[in-house]
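Below, chains carry the letters A, B, ... as their sequence lines are ordered, and counting in each starts from 1.
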There are 2 protein chains.
Amino acid sequence: MINYPNKKRRQDRKIVSTANRGMNFENMINQTNEFYLNNDLAIIHKKPIPIQIVKVDYKQRSAAKIVEAYYKLPSTTDYNGIYKGRYIDFEAKETKNKTSFPIKNIHEHQVIHLEQCAKHGAIAFIIIYFSLLDRIFFLDQKYVSEYYHRAKNSRKSITLAEIEKYGIEITEGYRKPVDYLKVIDEHYL
Amino acid sequence: MINYPNKKRRQDRKIVSTANRGMNFENMINQTNEFYLNNDLAIIHKKPIPIQIVKVDYKQRSAAKIVEAYYKLPSTTDYNGIYKGRYIDFEAKETKNKTSFPIKNIHEHQVIHLEQCAKHGAIAFIIIYFSLLDRIFFLDQKYVSEYYHRAKNSRKSITLAEIEKYGIEITEGYRKPVDYLKVIDEHYL
(Lines give C-alpha, C1' and ligand atoms only; values in the text may rest on other atoms or scores of the structure.)
Protein backbone atom coordinates (compact mmCIF):
# COMPACT_ATOMS: atom_id res chain seq x y z
CA MET A 1 0.00 0.00 0.00
CA ILE A 2 1.23 3.47 -0.80
CA ASN A 3 2.23 5.66 2.08
CA TYR A 4 -0.43 8.23 1.53
CA PRO A 5 0.13 11.45 3.53
CA ASN A 6 -3.01 11.61 5.59
CA LYS A 7 -1.92 13.55 8.62
CA LYS A 8 -4.57 16.18 8.13
CA ARG A 9 -7.24 13.53 7.79
CA ARG A 10 -6.11 11.91 10.98
CA GLN A 11 -6.68 15.17 12.77
CA ASP A 12 -10.11 15.44 11.17
CA ARG A 13 -10.97 12.07 12.53
CA LYS A 14 -10.83 13.29 16.08
CA ILE A 15 -13.92 15.41 15.59
CA VAL A 16 -15.95 12.50 14.20
CA SER A 17 -18.50 11.77 16.89
CA THR A 18 -19.53 8.14 16.99
CA ALA A 19 -22.26 8.19 19.61
CA ASN A 20 -24.85 6.45 17.44
CA ARG A 21 -22.45 4.30 15.52
CA GLY A 22 -23.14 1.23 17.59
CA MET A 23 -26.18 0.32 15.57
CA ASN A 24 -26.42 -1.74 12.42
CA PHE A 25 -25.29 0.14 9.30
CA GLU A 26 -28.60 -0.13 7.49
CA ASN A 27 -30.35 1.31 10.54
CA MET A 28 -27.87 4.18 10.64
CA ILE A 29 -28.69 5.08 7.04
CA ASN A 30 -32.41 4.63 7.58
CA GLN A 31 -32.36 6.80 10.68
CA THR A 32 -30.47 9.48 8.77
CA ASN A 33 -33.01 9.36 5.93
CA GLU A 34 -35.84 9.55 8.44
CA PHE A 35 -34.28 12.66 9.94
CA TYR A 36 -33.95 14.21 6.48
CA LEU A 37 -37.58 13.33 5.72
CA ASN A 38 -39.01 14.55 9.02
CA ASN A 39 -37.14 17.81 8.69
CA ASP A 40 -38.21 18.22 5.08
CA LEU A 41 -34.63 18.26 3.84
CA ALA A 42 -34.73 15.39 1.36
CA ILE A 43 -37.00 12.53 0.28
CA ILE A 44 -34.77 9.50 0.20
CA HIS A 45 -36.01 5.97 0.84
CA LYS A 46 -34.57 2.48 0.89
CA LYS A 47 -36.09 0.28 -1.75
CA PRO A 48 -37.71 -2.94 -0.54
CA ILE A 49 -35.71 -6.15 -0.96
CA PRO A 50 -36.67 -7.77 -4.26
CA ILE A 51 -38.46 -11.06 -3.68
CA GLN A 52 -39.71 -13.68 -6.13
CA ILE A 53 -43.05 -14.79 -4.71
CA VAL A 54 -43.95 -18.36 -5.64
CA LYS A 55 -46.85 -19.32 -3.40
CA VAL A 56 -49.33 -17.34 -1.35
CA ASP A 57 -51.82 -18.79 1.11
CA TYR A 58 -55.08 -16.87 1.00
CA LYS A 59 -56.98 -19.35 3.15
CA GLN A 60 -56.52 -17.52 6.41
CA ARG A 61 -59.07 -14.91 7.35
CA SER A 62 -56.35 -12.43 8.16
CA ALA A 63 -53.65 -11.23 5.81
CA ALA A 64 -52.45 -13.20 2.80
CA LYS A 65 -49.48 -15.31 3.87
CA ILE A 66 -46.56 -15.79 1.53
CA VAL A 67 -45.40 -19.37 2.05
CA GLU A 68 -42.80 -19.72 -0.67
CA ALA A 69 -40.56 -16.96 -1.92
CA TYR A 70 -36.92 -16.39 -2.80
CA TYR A 71 -34.52 -13.49 -2.73
CA LYS A 72 -33.83 -11.97 -6.12
CA LEU A 73 -30.68 -10.15 -7.15
CA PRO A 74 -31.40 -6.40 -7.01
CA SER A 75 -31.24 -4.76 -10.44
CA THR A 76 -30.50 -1.34 -9.04
CA THR A 77 -29.12 0.21 -5.86
CA ASP A 78 -30.75 0.29 -2.44
CA TYR A 79 -31.41 3.99 -2.01
CA ASN A 80 -32.73 6.79 -4.16
CA GLY A 81 -34.68 10.00 -3.92
CA ILE A 82 -34.49 13.75 -4.29
CA TYR A 83 -32.46 16.48 -2.58
CA LYS A 84 -32.64 20.16 -3.58
CA GLY A 85 -34.08 19.18 -6.94
CA ARG A 86 -31.32 16.66 -7.67
CA TYR A 87 -31.84 12.95 -8.14
CA ILE A 88 -29.81 11.02 -5.58
CA ASP A 89 -28.86 7.37 -6.03
CA PHE A 90 -26.55 5.27 -3.90
CA GLU A 91 -25.63 1.91 -2.54
CA ALA A 92 -24.45 1.35 1.04
CA LYS A 93 -21.86 -1.35 1.77
CA GLU A 94 -20.26 -2.58 4.92
CA THR A 95 -16.94 -4.37 5.29
CA LYS A 96 -15.04 -5.90 8.19
CA ASN A 97 -11.84 -5.48 6.24
CA LYS A 98 -9.50 -2.90 7.79
CA THR A 99 -7.24 -2.02 4.89
CA SER A 100 -9.37 -2.20 1.75
CA PHE A 101 -12.87 -2.58 0.33
CA PRO A 102 -13.27 -5.78 -1.70
CA ILE A 103 -14.79 -5.07 -5.11
CA LYS A 104 -16.82 -8.29 -4.99
CA ASN A 105 -19.16 -6.49 -2.58
CA ILE A 106 -20.54 -4.50 -5.51
CA HIS A 107 -22.53 -6.17 -8.27
CA GLU A 108 -21.82 -5.25 -11.88
CA HIS A 109 -25.43 -4.18 -12.52
CA GLN A 110 -25.13 -1.74 -9.61
CA VAL A 111 -21.97 -0.22 -11.07
CA ILE A 112 -23.73 0.13 -14.42
CA HIS A 113 -26.84 1.56 -12.78
CA LEU A 114 -24.79 4.21 -10.96
CA GLU A 115 -22.98 5.08 -14.20
CA GLN A 116 -26.27 5.46 -16.07
CA CYS A 117 -27.74 7.63 -13.32
CA ALA A 118 -24.71 9.92 -13.27
CA LYS A 119 -24.84 10.22 -17.03
CA HIS A 120 -28.43 11.44 -16.77
CA GLY A 121 -27.57 14.04 -14.14
CA ALA A 122 -27.81 12.19 -10.84
CA ILE A 123 -25.56 12.49 -7.84
CA ALA A 124 -24.56 8.82 -7.71
CA PHE A 125 -22.21 7.24 -5.21
CA ILE A 126 -21.59 4.48 -2.72
CA ILE A 127 -21.22 4.72 1.03
CA ILE A 128 -18.64 2.37 2.51
CA TYR A 129 -18.66 1.49 6.19
CA PHE A 130 -15.45 0.06 7.63
CA SER A 131 -17.17 -1.36 10.67
CA LEU A 132 -14.04 -2.38 12.59
CA LEU A 133 -12.47 1.03 12.00
CA ASP A 134 -15.81 2.76 12.55
CA ARG A 135 -15.16 4.98 9.55
CA ILE A 136 -17.64 5.80 6.81
CA PHE A 137 -16.77 7.12 3.37
CA PHE A 138 -18.66 8.67 0.49
CA LEU A 139 -17.22 7.58 -2.87
CA ASP A 140 -18.46 9.05 -6.14
CA GLN A 141 -19.57 6.57 -8.80
CA LYS A 142 -16.77 7.63 -11.15
CA TYR A 143 -14.24 6.07 -8.76
CA VAL A 144 -16.47 3.06 -8.19
CA SER A 145 -16.48 2.47 -11.95
CA GLU A 146 -12.75 3.06 -12.24
CA TYR A 147 -11.87 0.56 -9.51
CA TYR A 148 -14.50 -1.89 -10.66
CA HIS A 149 -12.91 -2.00 -14.09
CA ARG A 150 -9.41 -2.15 -12.63
CA ALA A 151 -10.44 -5.24 -10.68
CA LYS A 152 -10.93 -7.14 -13.91
CA ASN A 153 -7.21 -7.01 -14.66
CA SER A 154 -5.53 -5.99 -11.49
CA ARG A 155 -6.21 -5.77 -7.75
CA LYS A 156 -9.64 -6.87 -6.57
CA SER A 157 -10.15 -4.19 -3.97
CA ILE A 158 -10.00 -0.46 -3.34
CA THR A 159 -7.37 0.29 -0.73
CA LEU A 160 -8.27 2.37 2.29
CA ALA A 161 -5.58 4.83 1.17
CA GLU A 162 -7.36 5.25 -2.17
CA ILE A 163 -10.68 5.71 -0.44
CA GLU A 164 -9.12 8.29 1.87
CA LYS A 165 -7.72 10.08 -1.15
CA TYR A 166 -10.72 10.02 -3.51
CA GLY A 167 -13.57 9.55 -1.09
CA ILE A 168 -14.89 11.90 1.56
CA GLU A 169 -15.24 10.79 5.15
CA ILE A 170 -18.78 11.14 6.43
CA THR A 171 -19.26 12.55 9.89
CA GLU A 172 -22.12 12.03 12.24
CA GLY A 173 -24.53 14.88 12.79
CA TYR A 174 -27.12 15.36 15.49
CA ARG A 175 -29.63 12.56 14.93
CA LYS A 176 -27.94 11.89 11.58
CA PRO A 177 -25.59 8.92 12.08
CA VAL A 178 -24.44 9.08 8.42
CA ASP A 179 -24.80 12.70 7.35
CA TYR A 180 -24.10 12.25 3.64
CA LEU A 181 -26.08 15.32 2.57
CA LYS A 182 -23.37 17.41 4.18
CA VAL A 183 -20.92 15.91 1.69
CA ILE A 184 -23.31 16.67 -1.17
CA ASP A 185 -23.72 20.25 0.00
CA GLU A 186 -19.98 20.78 0.24
CA HIS A 187 -18.84 18.93 -2.86
CA TYR A 188 -21.69 18.84 -5.39
CA LEU A 189 -24.03 21.81 -4.93
CA MET B 1 -71.37 15.11 -14.45
CA ILE B 2 -70.60 18.37 -16.19
CA ASN B 3 -70.93 18.49 -19.92
CA TYR B 4 -67.29 19.19 -20.62
CA PRO B 5 -66.62 20.27 -24.20
CA ASN B 6 -64.20 17.62 -25.28
CA LYS B 7 -64.76 17.46 -29.01
CA LYS B 8 -61.15 18.19 -29.75
CA ARG B 9 -60.03 15.49 -27.37
CA ARG B 10 -62.35 13.00 -29.01
CA GLN B 11 -60.62 13.70 -32.28
CA ASP B 12 -57.26 13.26 -30.60
CA ARG B 13 -58.32 9.86 -29.41
CA LYS B 14 -58.53 8.56 -32.93
CA ILE B 15 -54.78 8.74 -33.28
CA VAL B 16 -54.19 6.74 -30.12
CA SER B 17 -52.82 3.42 -31.28
CA THR B 18 -53.63 0.57 -28.94
CA ALA B 19 -51.74 -2.31 -30.51
CA ASN B 20 -49.95 -3.31 -27.31
CA ARG B 21 -52.67 -2.35 -24.92
CA GLY B 22 -53.92 -5.90 -24.49
CA MET B 23 -51.34 -6.65 -21.83
CA ASN B 24 -51.51 -6.12 -18.10
CA PHE B 25 -51.07 -2.47 -17.09
CA GLU B 26 -48.00 -3.07 -14.96
CA ASN B 27 -46.36 -4.89 -17.86
CA MET B 28 -47.18 -1.98 -20.16
CA ILE B 29 -45.40 0.44 -17.82
CA ASN B 30 -42.49 -1.93 -17.29
CA GLN B 31 -42.07 -2.47 -21.02
CA THR B 32 -42.11 1.29 -21.55
CA ASN B 33 -39.47 1.78 -18.85
CA GLU B 34 -37.37 -0.97 -20.40
CA PHE B 35 -37.53 0.78 -23.73
CA TYR B 36 -36.46 4.06 -22.09
CA LEU B 37 -33.61 2.27 -20.33
CA ASN B 38 -32.39 0.32 -23.36
CA ASN B 39 -32.42 3.46 -25.46
CA ASP B 40 -30.65 5.46 -22.76
CA LEU B 41 -33.51 7.94 -22.49
CA ALA B 42 -34.32 7.61 -18.78
CA ILE B 43 -33.51 5.42 -15.78
CA ILE B 44 -36.87 4.61 -14.23
CA HIS B 45 -37.55 1.40 -12.32
CA LYS B 46 -40.44 -0.15 -10.47
CA LYS B 47 -39.68 -0.62 -6.80
CA PRO B 48 -40.01 -4.15 -5.43
CA ILE B 49 -43.17 -4.97 -3.48
CA PRO B 50 -42.51 -4.39 0.22
CA ILE B 51 -42.58 -7.64 2.15
CA GLN B 52 -42.28 -8.35 5.86
CA ILE B 53 -40.16 -11.48 6.08
CA VAL B 54 -40.89 -13.56 9.18
CA LYS B 55 -39.24 -16.90 8.59
CA VAL B 56 -36.52 -18.12 6.25
CA ASP B 57 -35.49 -21.71 5.71
CA TYR B 58 -31.73 -21.97 5.20
CA LYS B 59 -31.65 -25.75 5.41
CA GLN B 60 -31.76 -26.42 1.73
CA ARG B 61 -28.51 -26.54 -0.14
CA SER B 62 -29.83 -24.23 -2.81
CA ALA B 63 -31.21 -20.75 -2.25
CA ALA B 64 -32.62 -19.56 1.06
CA LYS B 65 -36.37 -20.16 1.02
CA ILE B 66 -38.71 -17.63 2.58
CA VAL B 67 -41.48 -19.67 4.21
CA GLU B 68 -43.42 -16.98 6.04
CA ALA B 69 -43.84 -13.41 4.87
CA TYR B 70 -46.57 -10.82 4.54
CA TYR B 71 -47.31 -7.92 2.24
CA LYS B 72 -46.59 -4.54 3.77
CA LEU B 73 -48.30 -1.28 2.84
CA PRO B 74 -45.96 0.65 0.53
CA SER B 75 -44.70 3.88 2.10
CA THR B 76 -43.97 5.51 -1.23
CA THR B 77 -45.00 5.17 -4.86
CA ASP B 78 -44.18 2.33 -7.22
CA TYR B 79 -41.94 4.07 -9.73
CA ASN B 80 -39.11 6.56 -9.60
CA GLY B 81 -35.96 7.52 -11.41
CA ILE B 82 -34.30 10.19 -13.50
CA TYR B 83 -35.08 11.81 -16.85
CA LYS B 84 -33.04 14.66 -18.33
CA GLY B 85 -31.65 15.46 -14.90
CA ARG B 86 -35.09 15.62 -13.28
CA TYR B 87 -36.27 13.32 -10.53
CA ILE B 88 -39.40 11.46 -11.65
CA ASP B 89 -41.85 9.89 -9.20
CA PHE B 90 -45.21 8.33 -9.96
CA GLU B 91 -47.83 5.80 -9.07
CA ALA B 92 -49.75 3.79 -11.68
CA LYS B 93 -53.37 2.86 -11.02
CA GLU B 94 -55.91 0.88 -12.97
CA THR B 95 -59.69 1.08 -12.72
CA LYS B 96 -62.56 -0.77 -14.34
CA ASN B 97 -64.79 2.20 -13.68
CA LYS B 98 -65.88 3.95 -16.90
CA THR B 99 -66.90 7.35 -15.62
CA SER B 100 -64.59 8.18 -12.72
CA PHE B 101 -61.49 7.20 -10.78
CA PRO B 102 -62.28 6.24 -7.17
CA ILE B 103 -60.02 8.10 -4.72
CA LYS B 104 -59.81 5.05 -2.47
CA ASN B 105 -57.37 3.58 -5.01
CA ILE B 106 -54.71 6.00 -3.74
CA HIS B 107 -53.28 5.74 -0.24
CA GLU B 108 -52.82 8.87 1.82
CA HIS B 109 -49.09 8.26 2.30
CA GLN B 110 -48.73 8.12 -1.50
CA VAL B 111 -50.46 11.47 -1.89
CA ILE B 112 -48.18 12.94 0.78
CA HIS B 113 -45.11 11.37 -0.81
CA LEU B 114 -45.97 12.86 -4.21
CA GLU B 115 -46.56 16.27 -2.60
CA GLN B 116 -43.20 16.11 -0.83
CA CYS B 117 -41.40 15.09 -4.00
CA ALA B 118 -42.98 17.92 -6.00
CA LYS B 119 -42.04 20.38 -3.27
CA HIS B 120 -38.41 19.30 -3.60
CA GLY B 121 -38.41 19.73 -7.37
CA ALA B 122 -39.64 16.40 -8.71
CA ILE B 123 -41.99 15.78 -11.59
CA ALA B 124 -44.59 13.85 -9.60
CA PHE B 125 -47.82 12.41 -10.95
CA ILE B 126 -50.09 9.42 -11.26
CA ILE B 127 -50.95 7.44 -14.34
CA ILE B 128 -54.57 6.24 -14.47
CA TYR B 129 -55.61 3.40 -16.74
CA PHE B 130 -59.31 3.11 -17.53
CA SER B 131 -59.04 -0.47 -18.66
CA LEU B 132 -62.56 -0.84 -20.05
CA LEU B 133 -62.20 2.40 -22.01
CA ASP B 134 -58.60 1.60 -22.91
CA ARG B 135 -57.59 5.17 -22.10
CA ILE B 136 -54.57 6.20 -20.07
CA PHE B 137 -54.10 9.59 -18.41
CA PHE B 138 -51.23 11.46 -16.83
CA LEU B 139 -52.39 13.53 -13.84
CA ASP B 140 -50.03 15.90 -12.03
CA GLN B 141 -49.77 15.46 -8.27
CA LYS B 142 -51.29 18.88 -7.62
CA TYR B 143 -54.63 17.61 -8.95
CA VAL B 144 -54.21 14.32 -7.11
CA SER B 145 -53.82 16.28 -3.86
CA GLU B 146 -56.71 18.57 -4.68
CA TYR B 147 -59.14 15.72 -5.37
CA TYR B 148 -57.81 13.66 -2.52
CA HIS B 149 -58.62 16.46 -0.09
CA ARG B 150 -61.99 17.11 -1.74
CA ALA B 151 -62.89 13.46 -1.14
CA LYS B 152 -62.76 14.04 2.59
CA ASN B 153 -65.80 16.32 2.44
CA SER B 154 -67.34 15.78 -0.93
CA ARG B 155 -67.32 13.29 -3.81
CA LYS B 156 -65.09 10.26 -3.41
CA SER B 157 -63.83 10.10 -6.98
CA ILE B 158 -62.32 12.14 -9.78
CA THR B 159 -64.70 12.24 -12.73
CA LEU B 160 -63.48 11.26 -16.16
CA ALA B 161 -64.46 14.76 -17.31
CA GLU B 162 -62.14 16.25 -14.69
CA ILE B 163 -59.36 13.91 -15.71
CA GLU B 164 -59.91 14.84 -19.36
CA LYS B 165 -59.73 18.51 -18.40
CA TYR B 166 -56.75 18.51 -16.03
CA GLY B 167 -54.94 15.37 -17.07
CA ILE B 168 -53.16 14.60 -20.31
CA GLU B 169 -54.04 11.53 -22.31
CA ILE B 170 -51.02 9.27 -22.88
CA THR B 171 -50.57 7.80 -26.31
CA GLU B 172 -48.75 4.66 -27.29
CA GLY B 173 -45.42 5.01 -29.02
CA TYR B 174 -43.41 2.44 -30.93
CA ARG B 175 -42.48 -0.18 -28.32
CA LYS B 176 -43.66 2.26 -25.64
CA PRO B 177 -47.16 1.18 -24.60
CA VAL B 178 -47.44 4.08 -22.11
CA ASP B 179 -45.25 6.86 -23.48
CA TYR B 180 -45.40 9.20 -20.48
CA LEU B 181 -42.05 10.88 -21.21
CA LYS B 182 -43.72 12.47 -24.24
CA VAL B 183 -46.10 14.20 -21.83
CA ILE B 184 -43.17 15.33 -19.69
CA ASP B 185 -41.34 16.67 -22.74
CA GLU B 186 -44.36 18.61 -23.91
CA HIS B 187 -45.65 19.91 -20.59
CA TYR B 188 -42.79 20.08 -18.10
CA LEU B 189 -39.47 20.56 -19.87
Colleague: Would you say B:L41 ends up clustered with A:Y87 if hydrophobic residues are merged whenever their side chains have heavy atoms under 4.5 Å apart, either directly or through other cluster members?
Modeller: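 No, A:Y87 and B:L41 fall in different hydrophobic clusters.
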Colleague: What part of B:D89 gets closer than 4.5 Å to chain A, counting heavy atoms only: side chain, backbone, both or neither?
Modeller: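 Nothing of B:D89, per the 4.5 Å heavy-atom cut-off to chain A.
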Colleague: As a test of understanding, state which of A:T171, A:T32, A:N33 forms a side-chain hydrogen bond (donor to acceptor under 3.5 Å, both in side chains) with A:Y180.
Modeller: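 Among the candidates, only A:N33 passes.
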Colleague: Looking at B:K47, B:K119, B:R86, B:K84, which one has more heavy-atom pairs under 4.5 Å with chain A than the rest?
Modeller: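 Heavy-atom pair counts peak at B:K119.
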Colleague: At a heavy-atom distance under 4.5 Å, which candidate from B:L37, B:V56, B:V67, B:N80 has the highest pair count against chain A?
Modeller: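 Winner by heavy-atom pair count: B:V67.
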Colleague: Picking from A:S75, A:G85, A:P48, A:A122, which has the most non-hydrogen pairs under 4.5 angstrom with chain B?
Modeller: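 Heavy-atom pairs under 4.5 Å are most numerous for A:P48.
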Colleague: With a 4.5 angstrom heavy-atom cut-off, is it the side chain or the backbone of B:V54 that approaches chain A, or both, or neither?
Modeller: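 Looking at B:V54, nothing touches chain A.
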Colleague: Between B:E162 and B:R150 (salt bridge meaning N to carboxylate O under 4.0 Å), is one present in this structure?
Modeller: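 Salt bridge between B:E162 and B:R150, a charged N being under 4.0 Å from a carboxylate O: yes.
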Colleague: For B:Y188 and B:F138, take the angle between the two ring planes, folded into 0 to 90°, and tell me which bin it lands in: parallel under 30, tilted 30 to 60, perpendicular over 60.
Modeller: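 B:Y188 and B:F138: tilted rings.
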Colleague: Is there side-chain contact between B:Y83 and B:L189, with at least one heavy-atom pair below 4.5 Å?
Modeller: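 Yes - at least one pair of side-chain heavy atoms lies under 4.5 Å apart.
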Colleague: What part of B:K72 gets within 4.5 angstrom of chain A, counting heavy atoms only: side chain, backbone, both, or neither?
Modeller: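 Contact with chain A: none, neither part.
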Colleague: Checking B:H120 against chain A: side chain, backbone, both or neither under 4.5 Å from a heavy atom?
Modeller: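 Both parts, heavy atoms under 4.5 Å.
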Colleague: Taking side chain as everything from C-beta outward and backbone as N, CA, C, O, which of these in B:I53 sits under 4.5 Å from a heavy atom of chain A? Side chain, backbone, both or neither.
Modeller: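 Only the side chain of B:I53 comes within 4.5 Å of chain A.
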Colleague: If hydrophobic clusters are built by linking Ile, Leu, Val, Met, Phe, Trp and Tyr wherever their side-chain heavy atoms come under 4.5 Å apart, do A:F90 and A:I43 end up in the same one?
Modeller: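 Unlinked, A:F90 and A:I43 end up in two clusters.
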